[in-house]
Amino acid sequence: MSERGGNRPREQFDFLDVPVELAARRLLGCELHRELDGELLRVRIVETEAYDQDDPASHSHRGPTPRNRAMFEAAGHLYVYLSHGIHYCCNVVTGRAGYGSGVLIRAVEPLEGEASMEARRGRGGFELTNGPGKVGQALGIDRSLTGHDLALAPLRLIERPVLPPEAIATSIRVGISKAAELPRRFYVRGNPYVSRFHGAPS
DNA sequence: TGGACGATTGACT
DNA sequence: GTCAATCGTCCAA
């Protein structure tokens, strides 16, 4: 889908062709631009979790399936899955094509189009986008966007400068049973849109 | 082919 | 703090 001279990711997303924990850190502060119903919604990523195929907690751990195949695309694609039959959760695919890795977008901070997101969510304030299912609902994302190229409309990923290390906190991940002890959750320290704290910090 | 389970959320006690 | 909602996936049989 994204092959351009073999397994090389596109230059635009080279910053995500790194080990997934590093990509998860680099995505903090980056923006998502969603075009929906003729409107532009802009958000900043403030909380992420890293998953890759060597991680028992990852959907890609058992190899490619029709459901998770997007995780095996090149960096800069989107992987969407349905959680608990109710919520759509978004991941930014990282690493090389053929290697199943991605970063779950757990929370974002609204920058533009907040009223529209509130209407879609049915509530506002910090509960607008402080969880993975909430992000999907606020931005109107569903499984039709899985495998989407984040260089293109209607959903684009915009790189932003890497945050200083002291601005980023680390903890164990939320809501998983396998490899639950791994410190693979990252969030912007002090940001009000970060989801409720669940795990031990490190 | 059946059934257990989940990278969650929100309502309710 | 507890628990129901809700359905696509995956694996065991």
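Residue numbers begin at 1 in each chain, while the letters A, B, ... track the order of the sequences.
Comparing B:dA4 with C:dA4, their P atoms are spaced 16 Å from each other, to the whole Å.
Residues satisfying the salt bridge (Lys or Arg N to Asp or Glu O under 4.0 Å) test with A:Glu127, not counting sequence neighbours, are A:Arg123. The side-chain contact (heavy atoms from CB on, under 4.5 Å) search around A:Gln137 returns A:Arg121, not counting sequence neighbours.
Surrounding CZ of A:Arg62 are at most 12 heavy atoms belonging to other residues, nucleotides or ligands under 6.0 Å away. Within a 6.0 Å radius of CZ in A:Phe126, no more than 12 heavy atoms belonging to other residues, nucleotides or ligands are found.
Both A:Leu150 and A:Leu16 are assigned to one and the same hydrophobic cluster, defined by single-linkage of ILVMFWY side chains at heavy-atom distances under 4.5 Å.
The pair A:Arg189-A:Glu166 does not meet the salt-bridge criterion, since no charged nitrogen lies less than 4.0 angstrom from a carboxylate oxygen.
From the 5' end on, the contacts that DNA chain C makes with chain A at under 4.0 Å to a non-hydrogen atom open and close at C:dA5 to C:dC11.
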| How does protein reach along nucleotides 7-13 of chain B, written 5' to 3' as B (base within reach of a heavy atom under 4.0 Å), S (only sugar-phosphate), or - (no contact)? | BBSSS--
| remark: Pairing string of DNA chain C (Watson-Crick or G-U wobble, both atom distances under 3.5 Å; | = paired to other strand) is |||||.||||||.
Show me the side-chain donor-acceptor pairs of residues 36-43 of chain A shorter than 3.5 Å, one per line, residues at least two apart or across chains.
{"from": "A:Glu39", "atom 1": "OE1", "to": "A:Ser116", "atom 2": "OG", "distance (Å)": "3.2"}
{"from": "A:Arg42", "atom 1": "NE", "to": "A:Glu112", "atom 2": "OE1", "distance (Å)": "2.8"}
{"from": "A:Arg42", "atom 1": "NH1", "to": "A:Glu31", "atom 2": "OE1", "distance (Å)": "3.1"}

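Judged purely by distance below 3.5 Å, without hydrogens or angles, the side chains of A:Tyr99 and A:Asp17 never pair a donor atom with an acceptor atom.
Remark: side-chain polar atoms of A:Asn68 are paired, donor with acceptor, to backbone N or O of A:Gly63 under 3.5 angstrom.
Of all heavy-atom pairs between A:Asn130 and A:Lys134, the closest is OD1-NZ, 2.9 Å.
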